[in-house]
There are 2 protein chains.
Amino acid sequence: MTDSTERLEDTGYRLTAPRRAVLDAIASINRPFTIEELSEGLPNIGRATVFRTVKLLQELDIVCRVPLEDGSVRYERSRSGRHHHHLICSVCGSVTEFSDPSLDAAIEQNATSASFELESHSAELYGRCDSCRTTS
Amino acid sequence: MTDSTERLEDTGYRLTAPRRAVLDAIASINRPFTIEELSEGLPNIGRATVFRTVKLLQELDIVCRVPLEDGSVRYERSRSGRHHHHLICSVCGSVTEFSDPSLDAAIEQNATSASFELESHSAELYGRCDSCRTTS
DNA sequence: GACCTACTTGACACTAAATATCAATAGAAT
DNA sequence: ATTCTATTGATATTTAGTGTCAAGTAGGTC
Ligand SMILES: [Zn+2]
Ligand SMILES: [Zn+2]
Ligand SMILES: [Zn+2]
Ligand SMILES: [Zn+2]
């Protein structure tokens, strides 16, 4: 959170009370959330401001967008703050980050083969996490 | 298209006039489309039916869902009708399919390492296609 | 061909997610 | 403290998609 406020200031954004409140709320949630859920926990903050702030935090790699298999979207505080991919459990909804240079290399290789200038990419893995797999 | 109608019948779905119309419309569009665009070209077909039909065609791997970088979604007739990934050009909007067993293997490897039971996955590549890259 | 029945359709209302507008507010720099 | 501009909040609007249900029709049976 302190780290996050610094990243906001460093990039020239104002450190406002609503932004602090959204950051605090995100820090206190320990599961993937929807903006609606986040907004419900912040009744004094305008809904549009919550949307705007989460969008801003995505650009700063503080929060990341997690697309679910059904097309809906959740958000999660990024653990690493760097490029990564997700393991998304369809049972408990947990999201785990991972990064793998060889996966990224395979992606880059495909772009190169197609003479495609790669700017970014996404990869999401859907299934059942370890604890949901062993519990069932 | 003939292939598509067969796939509909084989799976027990009725081959109705609206479904034919949607299939024909999709066959005649040669770029990624939104349901709204598709629906505009089919004024005699109810909007809900267009949505329902496209959803059905996705299940039959006749059409696939293409998530863009900005979070919006387009659809495209699948060339291969099999598992694949996309090269999505941010300039012209073109979508190219590719499949790569070694990419899929890298994804499976990551799931295995995390004791995650992989059910499905997605991978989308964003950037500039060959012709947009050389033209600029 | 006529009949039947379950599948499908279309119109409409509705929800969910997000953006646009714009006057009022408040960081933060001097 | 003053000023200037980024930001906020209330509200309206957009976009994408789903729920409902009476009416219509494909496709099998006689
Ligand atoms: Zn993430
Ligand atoms: Zn990657
Ligand atoms: Zn595809
Ligand atoms: Zn794959």
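We name chains A, B, ... by the order of the sequence lines, and we start the count at 1 in each one. Values below: every heavy atom of this structure, side chains too, minus hydrogens, waters and symmetry copies.
Here dA16(C) presents its P atom at 16 Å from CG of Leu68(A), a figure rounded to the nearest Å. Rounded to whole Å, the distance from CD on Glu36(A) to P on dT15(C) is 13 Å. For the pair Arg74(A) CZ and dA18(C) C1', the interatomic distance rounds to 16 Å; values are reported in whole Å. The distance between atom CZ of Phe33(A) and atom P of dA18(C), rounded to the nearest whole Å, is 11 Å. Leu8(B) has its CG atom 9 Å from the P atom of dT8(C), to the nearest Å. Taking atom CZ on Arg19(B) and atom C1' on dA26(D), their separation rounds to 10 Å, with Å as the unit. We find that CG of Asn44(B) is positioned 13 Å from P of dT25(D), with the value rounded to whole Å.
Using a 4.0 Å heavy-atom distance criterion, Asp70(B) is classed as making no nucleic acid contact.
Residues from residues 46-66 of chain A that place a heavy atom under 4.0 Å from any atom of DNA chain D, listed by number: Gly46(A), Thr49(A), Arg52(A).
In this structure Thr34(B) satisfies the side chain to side chain donor-acceptor pair (under 3.5 Å) test with no other residue, sequence neighbours excluded.
Ring-plane geometry between His85(A) and Phe98(A) is classed as tilted, the angle between the planes lying from 30 to 60 degrees on a 0 to 90 degree scale.
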- Item | side-chain contact (heavy atoms from CB on, under 4.5 Å) assessment of Arg79(A) paired with Arg77(A) | CA-CA 6 Å; Arg79(A) 299 247 144 249; Arg77(A) 182 162 57 115; 3.8 Å; yes
Open item on the list: Apply side-chain contact (heavy atoms from CB on, under 4.5 Å) to residues Phe33(A) and Ile26(A) and explain how you reach the verdict.
Closed with: CA-CA 9 Å; Phe33(A) 56 87; Ile26(A) 289 172; 3.8 Å; yes
For a salt bridge (Lys or Arg N to Asp or Glu O under 4.0 Å) check, start with the C-alpha distance between Arg31(A) and Glu76(A), then their side-chain angles and the critical distance, and finish with the verdict. CA-CA 7 Å; Arg31(A) 63 194 165 78; Glu76(A) 194 182 49; over 6 Å; no
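Side-chain contact check for Arg7(B) and Ser4(B): no donor-acceptor pair (N or O, by modelled atom type) lies under 3.5 Å.
Residue Glu117(A) holds its CD atom at 8.5 Å from OG of Ser90(B), rounded to the nearest 0.5 Å. Atom CG of Asp100(A) sits about 9.5 Å away from atom NE2 of His83(A), to the nearest 0.5 Å.
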Tabulated below should be each protein N or O lying under 3.5 Å from an N or O of nucleotides 27-30 of chain D; please produce it.
unit_1: dG27(D); atom_1: OP1; unit_2: Leu15(B); atom_2: N; d: 3.0

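Looking at Glu97(B) and His86(B), their side chains come closer than 4.5 Å, going by heavy atoms from C-beta outward.
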